> 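Provided herewith is a single structure, encoded as structure tokens, for subsequent inquiry.
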Amino acid sequence: KGITREDVAAGATLDIYVDSGSAGTVYVYAKNNNTTGSGYVDIKTTAGVSYGTLENGDFVFIPIDANEGIEVIGATATVEVEYGYWTKTT
């Protein structure tokens, strides 16, 4: 999936990648596009394992197993999240 932007409200969850049920690697990119304010997002697998927090302007590029889902969870304020993912071909 190419680059997409969505607003994530405080307490809301945005699924960036959903478990595909197949083997392989998916590369996930996510960025907190906010430049001011107190909004941040937490990044977790859909199983609840935390990858970290994205403060204003922070981004992450991580490989995940295609059998894992990844999501961002809004905290304290609405945040514009830019994201995309790419599947590794063998």
Side-chain angles (χ1 to χ4, degrees):
K1 179 175 184 166
I3 301 294
T4 302
R5 291 185 179 140
E6 288 190 45
D7 287 339
V8 179
T13 299
L14 169 66
D15 290 326
I16 292 178
Y17 177 78
V18 178
D19 175 358
S20 69
S22 61
T25 302
V26 175
Y27 297 94
V28 175
Y29 159 78
K31 179 182 179 188
N32 176 342
N33 270 345
N34 283 16
T35 56
T36 62
S38 61
Y40 64 90
V41 292
D42 291 321
I43 300 176
K44 297 182 178 184
T45 67
T46 52
V49 177
S50 179
Y51 273 104
T53 298
L54 296 179
E55 301 286 347
N56 292 336
D58 286 349
F59 72 94
V60 66
F61 190 79
I62 51 175
I64 63 166
D65 187 296
N67 286 319
E68 295 282 337
I70 194 95
E71 62 191 14
V72 294
I73 301 155
T76 69
T78 297
V79 172
E80 181 185 74
V81 175
E82 180 177 86
Y83 68 95
Y85 64 84
W86 298 266
T87 303
K88 180 179 180 179
T89 58
T90 56

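Only a predicted model underlies this, so the values are computations on that prediction, with no experimental measurement involved.
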> Test of understanding: with ring-ring contact (aromatic ring centres under 6.0 Å, His included), list the residues that count as partners of Y85, not counting sequence neighbours.
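With sequence neighbours excluded, Y85 shows a ring-ring contact (aromatic ring centres under 6.0 Å, His included) to Y17, given in chain and number order.
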> Report the distance from atom CG of L54 to atom CD of E82, rounding to the nearest 0.5 Å.
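Between L54 CG and E82 CD, I get 11.5 Å after rounding to 0.5 Å.
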> Is any side-chain heavy atom of N34 closer than 4.5 Å to one of V79?
yes
> Below 4.5 Å, heavy atoms only, C-beta onward: do T46 and D15 meet side chain to side chain?
yes
> Hydrophobic clustering (ILVMFWY, side-chain heavy atoms < 4.5 Å, transitive) - are I3 and L14 grouped together?
no
> Looking only at the side chains, is there a donor atom on one of D7 and T78 sitting less than 3.5 Å from an acceptor on the other?
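Not at all, the side chains of D7 and T78 share no donor-acceptor pair under 3.5 Å.
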> How far does CD1 of I70 sit from NZ of K44, to the nearest 0.5 angstrom?
11.0 Å
> Please report the shortest heavy-atom distance between I73 and V8, naming the atom on each side.
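The pair with the smallest heavy-atom distance is C-CG1, 4.5 Å.
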> For the CG atom of D58 and the CG atom of N33, what is their distance to the nearest 0.5 Å?
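So the CG of D58 and the CG of N33 are separated by 11.5 Å.
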> If every non-hydrogen atom of A77 is compared with every non-hydrogen atom of G39, which pair is closest and at what distance?
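Closest pair (atom of A77, atom of G39, distance): CB-CA, 3.9 Å.
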> Once you round to the nearest 0.5 Å, how far does CG of N32 lie from CZ of F59?
12.5 Å
> Do the non-hydrogen side-chain atoms of K31 and Y83 ever get within less than 4.5 Å of each other?
no
> Going from OH on Y29 to CD1 on I62, what distance comes out if it is rounded to the nearest 0.5 angstrom?
13.0 Å
> I need the minimum non-hydrogen distance between I43 and V60, along with the two atoms involved.
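Looks like CD1-CG1, 3.4 Å.
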> Do T76 and Y40 have side-chain heavy atoms sitting under 4.5 Å apart?
yes
> Closest approach of A30 and I16, non-hydrogen atoms and distance?
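Shortest heavy-atom contact: CB-CD1, 4.0 Å.
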> Test V81 against E6 for side chain to side chain contact (heavy atoms under 4.5 Å, CB included), laying out the working first.
CA-CA 5 Å; V81 175; E6 288 190 45; 5.7 Å; no
> Run the numbers on T53 and D42 for side chain to side chain contact (heavy atoms under 4.5 Å, CB included), then give the verdict.
CA-CA 4 Å; T53 298; D42 291 321; 2.7 Å; yes
> Show the nearest heavy-atom pair for residues Y51 and P63, with the distance to one decimal.
OH-O, 4.4 Å
> Which heavy atom in N56 sits nearest to a heavy atom in G37, and how many Å separate them?
ND2-O, 2.9 Å
